[in-house]
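Every value quoted in this text rests on a predicted model; they were computed, and no experiment measured them. Along the sequence shown, residues are numbered consecutively beginning with 1.
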Amino acid sequence: SAYAPVPPIFAKMGLAYDDVLLLPNETDVIPSEVDTTTRLTREITMKVPVISAAMDTVTESDMAIAMARNGGIGVLHRNLSIDDQAAQVDVVKRSESGMITDPLTVNPEVSLADLDKLCGKFHISGLPVVDKENRLVGIITNRDMRFIPSDDYDRLKVKDVMTKDNLITGPANISKEDAHRLLAQHKVEKLPLIDESGKLAGLITVKDFVKTEQYPDATKDAQGRLRVAAGIGFLGDAWQRASALMEAGVDVLVVDTANGEARLALDMIRRLKSDSAFKDVQIIGGNIATRSGAQAMIDAGVDAVKIGVGPGSICTTRVVAGVGVPQLTAVYDAAQACKAAGIPCIADGGIHYSGDIAKALVAGADTVMLGGTLAGTEEAPGEKVLLHGKQYKLYRGMGSLGAMAPRGKKSYSKDRYSGRCHLKRKGGPEGVEGEVPYRGPLNAVLYQLIGGLHQSMFYVGAHNIGELHEKGRFIRITDAGLRESHPHDIVMTAEAPNYTGFHN
Ligand code: XMP
(Lines give C-alpha, C1' and ligand atoms only; values in the text may rest on other atoms or scores of the structure.)
Protein backbone atom coordinates (compact mmCIF):
# COMPACT_ATOMS: atom_id res chain seq x y z
CA SER A 1 0.00 0.00 0.00
CA ALA A 2 0.98 3.64 -0.20
CA TYR A 3 1.90 3.44 3.50
CA ALA A 4 4.15 0.32 3.24
CA PRO A 5 7.24 0.40 5.48
CA VAL A 6 9.53 1.68 2.76
CA PRO A 7 12.50 4.00 3.35
CA PRO A 8 11.16 7.47 4.25
CA ILE A 9 12.27 8.94 0.93
CA PHE A 10 9.72 6.73 -0.88
CA ALA A 11 6.91 7.12 1.65
CA LYS A 12 3.73 8.84 0.55
CA MET A 13 3.69 12.65 0.85
CA GLY A 14 1.19 14.10 3.34
CA LEU A 15 -0.09 17.65 2.94
CA ALA A 16 -1.52 20.17 5.41
CA TYR A 17 -4.04 22.95 4.68
CA ASP A 18 -1.19 25.46 4.39
CA ASP A 19 0.44 23.41 1.60
CA VAL A 20 -2.33 24.19 -0.91
CA LEU A 21 -4.62 26.88 -2.27
CA LEU A 22 -7.86 26.56 -4.21
CA LEU A 23 -7.87 27.51 -7.89
CA PRO A 24 -10.19 30.32 -9.02
CA ASN A 25 -12.73 29.35 -11.69
CA GLU A 26 -15.22 30.91 -14.06
CA THR A 27 -18.18 31.77 -11.85
CA ASP A 28 -21.69 33.18 -11.80
CA VAL A 29 -22.05 32.61 -8.05
CA ILE A 30 -23.24 35.42 -5.78
CA PRO A 31 -21.55 34.82 -2.40
CA SER A 32 -24.56 35.79 -0.31
CA GLU A 33 -26.78 33.35 -2.23
CA VAL A 34 -24.78 30.13 -1.90
CA ASP A 35 -26.34 27.14 -0.18
CA THR A 36 -24.05 25.58 2.45
CA THR A 37 -26.49 22.81 3.46
CA THR A 38 -24.57 19.63 4.17
CA ARG A 39 -24.87 16.20 5.76
CA LEU A 40 -23.69 15.80 9.35
CA THR A 41 -24.56 12.11 9.47
CA ARG A 42 -26.51 9.59 7.42
CA GLU A 43 -29.79 11.14 8.58
CA ILE A 44 -29.08 14.68 9.79
CA THR A 45 -28.48 17.69 7.58
CA MET A 46 -27.36 21.16 8.69
CA LYS A 47 -27.42 24.53 6.95
CA VAL A 48 -23.93 25.43 8.19
CA PRO A 49 -21.10 22.85 7.98
CA VAL A 50 -19.52 23.66 11.34
CA ILE A 51 -19.36 21.63 14.59
CA SER A 52 -17.92 22.78 17.92
CA ALA A 53 -15.43 20.35 19.46
CA ALA A 54 -16.13 18.01 22.39
CA MET A 55 -13.66 19.83 24.64
CA ASP A 56 -14.15 21.19 28.16
CA THR A 57 -12.98 24.66 27.10
CA VAL A 58 -15.23 24.70 24.01
CA THR A 59 -18.63 23.01 24.26
CA GLU A 60 -21.10 23.03 27.12
CA SER A 61 -24.81 23.84 26.81
CA ASP A 62 -24.38 27.58 26.02
CA MET A 63 -22.11 26.80 23.07
CA ALA A 64 -24.30 23.90 21.90
CA ILE A 65 -27.38 26.16 21.91
CA ALA A 66 -25.60 28.95 20.02
CA MET A 67 -24.11 26.52 17.47
CA ALA A 68 -27.48 24.87 16.72
CA ARG A 69 -29.26 28.23 16.49
CA ASN A 70 -26.73 29.36 13.92
CA GLY A 71 -27.18 26.25 11.76
CA GLY A 72 -24.34 24.04 13.03
CA ILE A 73 -24.17 21.75 16.06
CA GLY A 74 -22.14 21.39 19.27
CA VAL A 75 -20.71 18.20 20.78
CA LEU A 76 -20.97 18.38 24.58
CA HIS A 77 -17.67 17.29 26.12
CA ARG A 78 -17.50 14.31 28.46
CA ASN A 79 -15.04 15.52 31.08
CA LEU A 80 -17.83 15.64 33.67
CA SER A 81 -20.12 13.21 35.47
CA ILE A 82 -22.78 11.30 33.54
CA ASP A 83 -25.55 13.19 35.36
CA ASP A 84 -24.03 16.58 34.59
CA GLN A 85 -23.53 15.78 30.90
CA ALA A 86 -27.10 14.42 30.59
CA ALA A 87 -28.40 17.56 32.34
CA GLN A 88 -26.66 19.66 29.69
CA VAL A 89 -28.40 17.72 26.93
CA ASP A 90 -31.66 18.46 28.72
CA VAL A 91 -30.87 22.19 28.87
CA VAL A 92 -30.23 22.31 25.10
CA LYS A 93 -33.30 20.24 24.21
CA ARG A 94 -35.50 22.44 26.39
CA SER A 95 -34.04 25.73 25.16
CA GLU A 96 -36.55 26.06 22.35
CA SER A 97 -39.19 23.96 20.74
CA GLY A 98 -42.16 24.00 18.38
CA MET A 99 -44.31 22.44 21.07
CA ILE A 100 -42.83 21.24 24.33
CA THR A 101 -44.40 17.83 24.91
CA ASP A 102 -43.04 17.26 28.40
CA PRO A 103 -42.74 20.78 29.81
CA LEU A 104 -40.99 21.42 33.07
CA THR A 105 -43.62 22.10 35.70
CA VAL A 106 -43.70 23.20 39.29
CA ASN A 107 -45.74 22.17 42.30
CA PRO A 108 -47.80 24.92 44.06
CA GLU A 109 -46.00 24.21 47.36
CA VAL A 110 -42.49 24.95 46.02
CA SER A 111 -40.77 28.08 47.41
CA LEU A 112 -40.07 31.04 45.11
CA ALA A 113 -36.37 30.59 45.87
CA ASP A 114 -36.38 27.06 44.40
CA LEU A 115 -38.48 28.21 41.45
CA ASP A 116 -35.97 30.97 40.75
CA LYS A 117 -33.11 28.45 40.72
CA LEU A 118 -34.99 26.18 38.29
CA CYS A 119 -35.76 29.06 35.92
CA GLY A 120 -32.12 30.18 36.02
CA LYS A 121 -30.81 26.71 35.25
CA PHE A 122 -33.01 26.28 32.19
CA HIS A 123 -32.98 29.94 31.09
CA ILE A 124 -36.79 30.08 31.20
CA SER A 125 -39.12 32.81 32.30
CA GLY A 126 -41.94 30.84 33.87
CA LEU A 127 -43.62 27.47 34.37
CA PRO A 128 -47.06 25.86 34.38
CA VAL A 129 -48.11 24.93 37.92
CA VAL A 130 -49.64 21.44 38.29
CA ASP A 131 -51.07 19.33 41.11
CA LYS A 132 -50.09 15.75 41.87
CA GLU A 133 -52.34 14.44 39.06
CA ASN A 134 -50.60 16.72 36.55
CA ARG A 135 -53.72 18.95 36.31
CA LEU A 136 -53.02 22.59 35.56
CA VAL A 137 -53.75 24.79 38.59
CA GLY A 138 -51.95 27.97 37.52
CA ILE A 139 -49.06 29.52 35.73
CA ILE A 140 -46.17 31.46 37.17
CA THR A 141 -43.99 33.76 35.08
CA ASN A 142 -41.66 36.75 35.44
CA ARG A 143 -44.72 38.96 35.47
CA ASP A 144 -46.02 37.37 38.69
CA MET A 145 -42.61 37.73 40.36
CA ARG A 146 -41.62 41.22 39.20
CA PHE A 147 -42.77 43.16 42.28
CA ILE A 148 -41.84 40.60 44.91
CA PRO A 149 -38.65 41.51 46.82
CA SER A 150 -36.11 38.67 46.63
CA ASP A 151 -35.94 38.75 50.45
CA ASP A 152 -39.40 37.14 50.42
CA TYR A 153 -38.42 34.27 48.09
CA ASP A 154 -37.81 31.79 50.93
CA ARG A 155 -41.03 32.69 52.71
CA LEU A 156 -43.43 32.70 49.75
CA LYS A 157 -44.64 29.70 47.77
CA VAL A 158 -45.61 29.38 44.14
CA LYS A 159 -49.30 29.13 45.09
CA ASP A 160 -49.13 32.55 46.80
CA VAL A 161 -48.24 34.47 43.65
CA MET A 162 -49.16 32.34 40.62
CA THR A 163 -51.86 33.42 38.19
CA LYS A 164 -54.77 31.05 38.65
CA ASP A 165 -57.86 32.76 37.24
CA ASN A 166 -58.86 32.99 33.58
CA LEU A 167 -55.97 30.81 32.43
CA ILE A 168 -55.56 30.81 28.67
CA THR A 169 -55.06 27.25 27.46
CA GLY A 170 -55.38 25.30 24.21
CA PRO A 171 -56.25 21.73 23.24
CA ALA A 172 -53.37 19.22 22.95
CA ASN A 173 -53.72 18.97 19.16
CA ILE A 174 -53.79 22.74 18.47
CA SER A 175 -52.22 23.94 15.19
CA LYS A 176 -49.25 26.33 15.16
CA GLU A 177 -51.39 29.06 13.59
CA ASP A 178 -54.20 28.75 16.18
CA ALA A 179 -51.65 28.76 18.99
CA HIS A 180 -50.09 31.93 17.65
CA ARG A 181 -53.52 33.54 17.34
CA LEU A 182 -54.43 32.70 20.97
CA LEU A 183 -51.12 34.04 22.31
CA ALA A 184 -51.54 37.28 20.35
CA GLN A 185 -55.22 37.75 21.20
CA HIS A 186 -54.68 37.40 24.96
CA LYS A 187 -51.23 39.04 24.98
CA VAL A 188 -49.73 36.12 26.92
CA GLU A 189 -46.36 34.47 26.43
CA LYS A 190 -47.10 30.87 27.36
CA LEU A 191 -49.94 28.61 26.24
CA PRO A 192 -50.38 25.41 28.28
CA LEU A 193 -52.07 22.61 26.31
CA ILE A 194 -54.62 20.41 28.04
CA ASP A 195 -55.73 16.92 26.98
CA GLU A 196 -59.25 15.48 27.19
CA SER A 197 -58.76 14.28 30.76
CA GLY A 198 -57.79 17.79 31.87
CA LYS A 199 -54.09 17.01 32.28
CA LEU A 200 -51.21 19.14 31.06
CA ALA A 201 -50.10 17.74 27.69
CA GLY A 202 -47.73 20.39 26.40
CA LEU A 203 -46.67 24.02 26.25
CA ILE A 204 -46.22 26.52 23.44
CA THR A 205 -44.31 29.73 24.09
CA VAL A 206 -44.12 32.99 22.18
CA LYS A 207 -40.34 32.90 22.63
CA ASP A 208 -40.19 29.89 20.31
CA PHE A 209 -42.06 31.72 17.55
CA VAL A 210 -39.65 34.64 17.87
CA LYS A 211 -36.59 32.33 17.83
CA THR A 212 -37.79 30.59 14.68
CA GLU A 213 -37.92 33.96 12.92
CA GLN A 214 -34.62 35.11 14.40
CA TYR A 215 -32.69 31.92 13.55
CA PRO A 216 -34.09 30.56 10.30
CA ASP A 217 -31.06 28.28 9.75
CA ALA A 218 -31.27 26.55 13.15
CA THR A 219 -30.51 22.83 13.30
CA LYS A 220 -33.70 21.30 14.75
CA ASP A 221 -35.29 17.89 15.28
CA ALA A 222 -38.74 16.84 14.10
CA GLN A 223 -40.33 18.43 17.20
CA GLY A 224 -38.66 21.77 16.57
CA ARG A 225 -36.09 21.34 19.36
CA LEU A 226 -32.45 22.29 18.81
CA ARG A 227 -30.26 19.32 17.98
CA VAL A 228 -27.30 18.44 20.17
CA ALA A 229 -24.48 15.90 20.11
CA ALA A 230 -22.42 14.54 23.00
CA GLY A 231 -19.10 12.77 23.34
CA ILE A 232 -18.73 9.36 24.98
CA GLY A 233 -15.78 7.00 25.44
CA PHE A 234 -15.66 3.24 25.20
CA LEU A 235 -14.23 2.15 28.56
CA GLY A 236 -15.63 1.88 32.10
CA ASP A 237 -19.12 3.34 32.41
CA ALA A 238 -19.31 4.47 28.75
CA TRP A 239 -22.43 2.39 28.10
CA GLN A 240 -24.19 3.90 31.11
CA ARG A 241 -23.22 7.36 29.86
CA ALA A 242 -24.54 6.61 26.36
CA SER A 243 -27.85 5.38 27.82
CA ALA A 244 -28.27 8.44 30.08
CA LEU A 245 -27.55 10.82 27.19
CA MET A 246 -29.99 8.96 24.95
CA GLU A 247 -32.69 9.18 27.62
CA ALA A 248 -32.07 12.93 27.93
CA GLY A 249 -32.81 13.23 24.20
CA VAL A 250 -29.38 13.53 22.59
CA ASP A 251 -29.49 13.46 18.77
CA VAL A 252 -25.96 12.27 18.08
CA LEU A 253 -23.39 10.34 20.11
CA VAL A 254 -19.74 10.78 19.19
CA VAL A 255 -17.54 7.86 20.22
CA ASP A 256 -14.69 10.21 20.89
CA THR A 257 -11.21 8.72 21.11
CA ALA A 258 -7.74 9.73 20.00
CA ASN A 259 -7.41 6.47 18.07
CA GLY A 260 -10.71 5.28 16.62
CA GLU A 261 -9.08 2.09 15.42
CA ALA A 262 -8.75 0.87 19.02
CA ARG A 263 -10.58 -2.44 18.88
CA LEU A 264 -12.73 -1.60 21.93
CA ALA A 265 -13.86 1.67 20.31
CA LEU A 266 -15.00 -0.22 17.20
CA ASP A 267 -16.77 -2.75 19.45
CA MET A 268 -18.57 0.11 21.21
CA ILE A 269 -19.80 1.48 17.86
CA ARG A 270 -20.99 -1.96 16.74
CA ARG A 271 -22.81 -2.46 20.04
CA LEU A 272 -24.54 0.94 19.86
CA LYS A 273 -25.57 0.41 16.24
CA SER A 274 -27.04 -3.02 16.92
CA ASP A 275 -29.05 -2.04 20.01
CA SER A 276 -32.57 -0.97 19.06
CA ALA A 277 -32.73 1.36 22.09
CA PHE A 278 -30.33 3.64 20.17
CA LYS A 279 -32.16 3.48 16.85
CA ASP A 280 -33.07 7.19 16.93
CA VAL A 281 -29.56 8.33 17.85
CA GLN A 282 -26.95 8.87 15.13
CA ILE A 283 -23.48 7.53 15.92
CA ILE A 284 -20.29 9.29 14.85
CA GLY A 285 -16.98 7.48 15.20
CA GLY A 286 -13.48 8.88 15.34
CA ASN A 287 -10.75 9.75 15.08
CA ILE A 288 -8.97 8.12 12.18
CA ALA A 289 -6.56 9.52 9.59
CA THR A 290 -6.33 6.94 6.81
CA ARG A 291 -8.57 5.31 4.25
CA SER A 292 -8.40 1.96 6.05
CA GLY A 293 -9.23 3.65 9.35
CA ALA A 294 -12.34 5.19 7.77
CA GLN A 295 -13.24 1.79 6.30
CA ALA A 296 -12.99 0.18 9.76
CA MET A 297 -15.44 2.81 11.10
CA ILE A 298 -17.80 2.25 8.17
CA ASP A 299 -17.66 -1.52 8.64
CA ALA A 300 -18.54 -1.02 12.32
CA GLY A 301 -21.67 0.81 11.13
CA VAL A 302 -21.08 4.51 11.92
CA ASP A 303 -23.37 7.26 10.60
CA ALA A 304 -20.40 9.61 10.06
CA VAL A 305 -16.62 9.37 10.33
CA LYS A 306 -14.46 11.94 12.11
CA ILE A 307 -10.99 12.51 10.70
CA GLY A 308 -7.88 13.92 12.38
CA VAL A 309 -4.93 12.50 14.28
CA GLY A 310 -2.81 15.31 15.65
CA PRO A 311 -3.74 18.40 13.56
CA GLY A 312 -5.34 20.25 16.47
CA SER A 313 -3.84 23.50 17.72
CA ILE A 314 -3.31 22.03 21.22
CA CYS A 315 -2.27 18.53 20.09
CA THR A 316 1.11 17.01 20.74
CA THR A 317 0.30 13.46 19.59
CA ARG A 318 2.46 13.90 16.50
CA VAL A 319 5.50 14.86 18.51
CA VAL A 320 4.91 12.71 21.59
CA ALA A 321 4.01 9.54 19.67
CA GLY A 322 5.36 10.46 16.25
CA VAL A 323 1.98 9.46 14.81
CA GLY A 324 -0.44 11.27 12.52
CA VAL A 325 -1.20 12.30 8.95
CA PRO A 326 -1.11 15.94 7.77
CA GLN A 327 -4.76 16.88 7.79
CA LEU A 328 -5.48 17.68 4.13
CA THR A 329 -4.18 14.26 3.06
CA ALA A 330 -5.92 12.54 5.97
CA VAL A 331 -9.25 14.09 4.91
CA TYR A 332 -8.69 13.27 1.24
CA ASP A 333 -7.76 9.63 1.88
CA ALA A 334 -10.44 8.91 4.50
CA ALA A 335 -13.09 10.65 2.37
CA GLN A 336 -12.42 8.17 -0.45
CA ALA A 337 -13.76 5.35 1.70
CA CYS A 338 -16.64 7.50 2.99
CA LYS A 339 -17.69 8.61 -0.48
CA ALA A 340 -17.74 5.02 -1.74
CA ALA A 341 -19.98 4.04 1.21
CA GLY A 342 -22.20 7.14 1.07
CA ILE A 343 -21.25 8.10 4.65
CA PRO A 344 -20.50 11.75 5.52
CA CYS A 345 -17.20 12.71 7.12
CA ILE A 346 -15.95 15.44 9.43
CA ALA A 347 -12.57 17.18 9.22
CA ASP A 348 -11.60 17.62 12.89
CA GLY A 349 -8.80 19.97 13.96
CA GLY A 350 -6.22 22.26 12.41
CA ILE A 351 -8.68 24.82 10.97
CA HIS A 352 -7.26 28.29 11.64
CA TYR A 353 -8.79 30.46 8.93
CA SER A 354 -12.06 30.49 7.04
CA GLY A 355 -10.16 29.45 3.90
CA ASP A 356 -9.24 26.16 5.63
CA ILE A 357 -12.95 25.25 5.83
CA ALA A 358 -13.30 25.35 2.03
CA LYS A 359 -10.03 23.42 1.65
CA ALA A 360 -11.32 20.70 4.01
CA LEU A 361 -14.61 20.47 2.11
CA VAL A 362 -12.89 20.31 -1.29
CA ALA A 363 -10.65 17.53 0.07
CA GLY A 364 -13.85 15.56 0.70
CA ALA A 365 -15.21 16.51 4.11
CA ASP A 366 -18.91 17.31 4.57
CA THR A 367 -18.42 19.31 7.78
CA VAL A 368 -15.56 20.68 9.89
CA MET A 369 -15.01 20.56 13.65
CA LEU A 370 -13.43 23.55 15.39
CA GLY A 371 -11.79 23.81 18.80
CA GLY A 372 -9.33 26.69 19.15
CA THR A 373 -11.18 28.91 16.67
CA LEU A 374 -14.26 28.89 18.93
CA ALA A 375 -12.60 28.65 22.37
CA GLY A 376 -12.28 32.44 22.62
CA THR A 377 -16.00 33.12 22.19
CA GLU A 378 -18.35 34.27 24.91
CA GLU A 379 -20.31 30.97 24.80
CA ALA A 380 -17.24 28.78 25.44
CA PRO A 381 -16.99 27.65 29.10
CA GLY A 382 -14.76 29.59 31.46
CA GLU A 383 -14.04 33.15 32.45
CA LYS A 384 -12.09 35.77 30.56
CA VAL A 385 -8.65 36.58 31.95
CA LEU A 386 -6.66 39.74 31.47
CA LEU A 387 -3.08 39.26 30.21
CA HIS A 388 -0.87 42.21 29.25
CA GLY A 389 -3.95 44.42 28.86
CA LYS A 390 -5.81 42.01 26.52
CA GLN A 391 -8.63 39.58 27.27
CA TYR A 392 -8.11 35.83 26.82
CA LYS A 393 -9.92 32.55 27.53
CA LEU A 394 -8.45 29.21 28.54
CA TYR A 395 -8.05 26.60 25.80
CA ARG A 396 -6.56 23.19 26.51
CA GLY A 397 -6.23 19.80 24.86
CA MET A 398 -8.38 17.02 26.28
CA GLY A 399 -5.15 15.03 26.52
CA SER A 400 -3.38 17.82 28.43
CA LEU A 401 -2.39 17.33 32.07
CA GLY A 402 -4.95 19.92 33.20
CA ALA A 403 -7.86 18.09 31.53
CA MET A 404 -6.70 14.60 32.50
CA ALA A 405 -5.77 15.38 36.09
CA PRO A 406 -7.69 18.47 37.21
CA ARG A 407 -6.60 19.52 40.69
CA GLY A 408 -8.95 18.12 43.31
CA LYS A 409 -11.42 16.87 40.67
CA LYS A 410 -12.09 13.59 38.94
CA SER A 411 -11.12 13.41 35.25
CA TYR A 412 -13.52 11.69 32.91
CA SER A 413 -11.48 12.32 29.76
CA LYS A 414 -8.34 10.31 30.47
CA ASP A 415 -9.48 7.28 28.52
CA ARG A 416 -9.59 9.29 25.28
CA TYR A 417 -5.82 8.85 25.24
CA SER A 418 -5.55 5.50 26.99
CA GLY A 419 -6.81 2.76 24.77
CA ARG A 420 -3.69 1.34 26.37
CA CYS A 421 -5.03 1.83 29.90
CA HIS A 422 -4.87 -1.91 30.57
CA LEU A 423 -1.11 -1.64 30.41
CA LYS A 424 0.67 -0.95 33.69
CA ARG A 425 2.66 1.96 32.28
CA LYS A 426 0.46 4.88 31.24
CA GLY A 427 1.48 7.29 28.50
CA GLY A 428 2.14 10.99 29.11
CA PRO A 429 -0.02 13.90 28.02
CA GLU A 430 -0.79 14.40 24.32
CA GLY A 431 -1.92 17.98 24.52
CA VAL A 432 -1.06 21.39 25.95
CA GLU A 433 -2.88 24.17 27.81
CA GLY A 434 -2.94 27.84 26.98
CA GLU A 435 -4.97 30.97 26.35
CA VAL A 436 -6.62 32.22 23.17
CA PRO A 437 -7.73 35.82 22.57
CA TYR A 438 -11.30 36.62 23.64
CA ARG A 439 -13.41 37.01 20.48
CA GLY A 440 -16.89 38.10 21.62
CA PRO A 441 -20.13 36.30 20.80
CA LEU A 442 -20.12 33.12 18.71
CA ASN A 443 -22.44 34.46 16.02
CA ALA A 444 -19.95 37.20 15.09
CA VAL A 445 -17.11 34.64 14.78
CA LEU A 446 -19.27 32.21 12.79
CA TYR A 447 -20.44 35.05 10.56
CA GLN A 448 -16.84 35.69 9.51
CA LEU A 449 -16.02 31.99 9.06
CA ILE A 450 -19.11 31.32 6.96
CA GLY A 451 -18.65 34.59 5.07
CA GLY A 452 -15.19 33.29 4.12
CA LEU A 453 -16.71 30.01 2.92
CA HIS A 454 -19.21 31.95 0.78
CA GLN A 455 -16.26 33.80 -0.80
CA SER A 456 -14.46 30.49 -1.48
CA MET A 457 -17.59 29.15 -3.18
CA PHE A 458 -17.79 32.29 -5.31
CA TYR A 459 -14.17 31.88 -6.49
CA VAL A 460 -14.58 28.15 -7.16
CA GLY A 461 -17.93 28.66 -8.93
CA ALA A 462 -19.91 26.45 -6.53
CA HIS A 463 -23.56 27.22 -5.72
CA ASN A 464 -23.69 24.48 -3.12
CA ILE A 465 -21.48 22.02 -1.22
CA GLY A 466 -22.00 19.31 -3.87
CA GLU A 467 -20.60 21.64 -6.54
CA LEU A 468 -17.74 22.62 -4.22
CA HIS A 469 -16.81 18.91 -3.92
CA GLU A 470 -16.97 18.52 -7.71
CA LYS A 471 -15.37 21.71 -8.94
CA GLY A 472 -12.75 22.49 -6.29
CA ARG A 473 -9.15 21.99 -7.43
CA PHE A 474 -5.94 22.48 -5.43
CA ILE A 475 -2.56 23.87 -6.34
CA ARG A 476 0.39 22.98 -4.12
CA ILE A 477 2.45 25.88 -2.88
CA THR A 478 5.92 26.35 -1.44
CA ASP A 479 7.02 28.17 1.71
CA ALA A 480 7.48 31.25 -0.47
CA GLY A 481 3.89 30.85 -1.69
CA LEU A 482 2.65 30.64 1.88
CA ARG A 483 4.55 33.78 2.89
CA GLU A 484 3.14 35.54 -0.16
CA SER A 485 -0.40 34.44 0.85
CA HIS A 486 -0.31 36.16 4.24
CA PRO A 487 0.00 39.92 4.73
CA HIS A 488 3.67 40.80 4.24
CA ASP A 489 5.98 43.81 4.27
CA ILE A 490 3.60 45.75 6.44
CA VAL A 491 3.25 46.42 10.15
CA MET A 492 -0.42 45.74 10.78
CA THR A 493 -1.96 48.59 12.76
CA ALA A 494 -5.60 47.54 12.74
CA GLU A 495 -7.08 44.12 13.46
CA ALA A 496 -9.22 42.52 10.74
CA PRO A 497 -12.25 40.58 12.06
CA ASN A 498 -11.41 37.53 9.91
CA TYR A 499 -7.60 37.43 10.15
CA THR A 500 -5.95 36.28 13.35
CA GLY A 501 -2.34 36.57 12.18
CA PHE A 502 0.19 34.13 10.78
CA HIS A 503 -0.08 31.09 13.06
CA ASN A 504 3.13 29.51 14.23
P1 XMP B 1 -8.33 22.78 16.79
O2 XMP B 1 -7.17 22.88 15.83
O3 XMP B 1 -9.61 23.18 16.17
O4 XMP B 1 -8.44 21.21 17.14
O5 XMP B 1 -8.02 23.51 18.06
C6 XMP B 1 -9.46 20.67 17.93
C7 XMP B 1 -9.37 19.15 17.92
O8 XMP B 1 -8.17 18.68 18.53
C9 XMP B 1 -8.36 17.36 19.06
N10 XMP B 1 -7.84 17.34 20.44
C11 XMP B 1 -6.64 16.85 20.80
N12 XMP B 1 -5.71 16.17 20.08
N13 XMP B 1 -4.34 16.04 22.02
C14 XMP B 1 -4.55 15.76 20.70
O15 XMP B 1 -3.69 15.12 20.06
C16 XMP B 1 -5.24 16.70 22.80
O17 XMP B 1 -5.01 16.95 23.99
C18 XMP B 1 -6.47 17.12 22.16
N19 XMP B 1 -7.58 17.73 22.62
C20 XMP B 1 -8.39 17.87 21.54
C21 XMP B 1 -9.84 17.07 19.00
O22 XMP B 1 -10.05 16.19 17.92
C23 XMP B 1 -10.45 18.46 18.75
O24 XMP B 1 -11.69 18.39 18.11
Should we count [atom1] of [X] as having more than 12 external heavy atoms under 6.0 Å?
{"X": "Glu433", "atom1": "CD", "answer": "yes"}
{"X": "Glu383", "atom1": "CD", "answer": "no"}
{"X": "Tyr332", "atom1": "OH", "answer": "no"}
{"X": "Arg476", "atom1": "CZ", "answer": "no"}
{"X": "Tyr499", "atom1": "OH", "answer": "yes"}

Short question: side chain of [X], backbone of [Y] - any donor-acceptor pair under 3.5 Å?
{"X": "Ser400", "Y": "Arg396", "answer": "no"}
{"X": "Thr373", "Y": "Ile351", "answer": "yes"}
{"X": "Thr57", "Y": "Tyr395", "answer": "no"}
{"X": "Gln85", "Y": "Ser81", "answer": "no"}
{"X": "Asp333", "Y": "Ala330", "answer": "no"}
{"X": "Gln327", "Y": "Gly350", "answer": "no"}
{"X": "Ser243", "Y": "Trp239", "answer": "yes"}
{"X": "Ser354", "Y": "Leu453", "answer": "no"}
{"X": "Gln448", "Y": "Pro497", "answer": "no"}
{"X": "Lys393", "Y": "Gly382", "answer": "yes"}

Does a salt bridge link [X] with [Y], judged by any charged N lying under 4.0 Å from a carboxylate O?
{"X": "Arg94", "Y": "Asp102", "answer": "yes"}
{"X": "Asp251", "Y": "Arg225", "answer": "no"}
{"X": "Asp178", "Y": "Arg181", "answer": "yes"}

For this session: Could you please spell out the steps behind the side chain to side chain donor-acceptor pair (under 3.5 Å) verdict for Asn287 and Lys306?
Result: CA-CA 5 Å; Asn287 276 13; Lys306 191 149 69 71; 2.9 Å; yes
I'd like to check [X] versus [Y] (side-chain heavy atoms, cut-off strictly below 4.5 Å). Are they in contact?
{"X": "Leu253", "Y": "Ile284", "answer": "no"}
{"X": "Ile174", "Y": "Leu193", "answer": "yes"}
{"X": "Lys190", "Y": "Leu183", "answer": "no"}
{"X": "Ile82", "Y": "Asp237", "answer": "yes"}
{"X": "Arg69", "Y": "Asp217", "answer": "no"}
{"X": "Asp62", "Y": "His123", "answer": "yes"}
{"X": "Val460", "Y": "Arg473", "answer": "no"}
{"X": "Leu442", "Y": "Leu374", "answer": "yes"}

For this session: Measure the acute angle between the ring planes of His180 and Phe209, then classify it against the limits of 30° and 60° as parallel, tilted or perpendicular.
Result: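 His180 vs Phe209 ring planes: perpendicular.
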I need the minimum non-hydrogen distance between [X] and [Y], along with the two atoms involved.
{"X": "Ser97", "Y": "Gln223", "value": "OG-O, 3.7 Å"}
{"X": "Phe234", "Y": "Ala262", "value": "CZ-CB, 4.2 Å"}
{"X": "Gly372", "Y": "Ser313", "value": "CA-OG, 4.1 Å"}
{"X": "Leu40", "Y": "Val252", "value": "CD2-CG2, 4.1 Å"}
{"X": "Val302", "Y": "Gly285", "value": "CG1-N, 3.6 Å"}
{"X": "Pro49", "Y": "Asp366", "value": "CB-O, 3.7 Å"}

Exercise. Is it true that the NZ or CZ of Lys384 lies under 6.0 Å from the centre of Tyr438's six-membered ring and within 45 degrees of the ring axis?
Worked result: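 Yes, Lys384 sits over the ring of Tyr438.
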Checking side-chain polar atoms at under 3.5 Å, does [X] have a donor or acceptor matched by the opposite partner on [Y]?
{"X": "Asp56", "Y": "Asn79", "answer": "yes"}
{"X": "Tyr215", "Y": "Glu96", "answer": "no"}
{"X": "Thr38", "Y": "Thr367", "answer": "no"}
{"X": "Asp299", "Y": "Gln295", "answer": "yes"}
{"X": "His77", "Y": "Asp256", "answer": "no"}
{"X": "Thr316", "Y": "Glu430", "answer": "no"}

For this session: List the steps and the verdict of salt bridge (Lys or Arg N to Asp or Glu O under 4.0 Å) for Asp303 and Lys273.
Result: CA-CA 9 Å; Asp303 299 305; Lys273 286 304 298 179; 2.9 Å; yes
Problem set entry | Reference residue Asp208; test side chain to side chain contact (heavy atoms under 4.5 Å, CB included); the match among Val206, Thr205, Ile204, Val210 |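 Of the listed options, the one satisfying the test is Thr205.
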For this session: Under the salt bridge (Lys or Arg N to Asp or Glu O under 4.0 Å) rule, what do Lys93 and Asp90 come out as? Steps first, then yes or no, please.
Result: CA-CA 5 Å; Lys93 295 309 283 184; Asp90 201 35; over 6 Å; no
For this session: Starting from the C-alpha separation in whole Å, work towards a yes-or-no answer on side chain to side chain donor-acceptor pair (under 3.5 Å) for His463 and Asp28.
Result: CA-CA 9 Å; His463 297 89; Asp28 62 356; 3.0 Å; yes
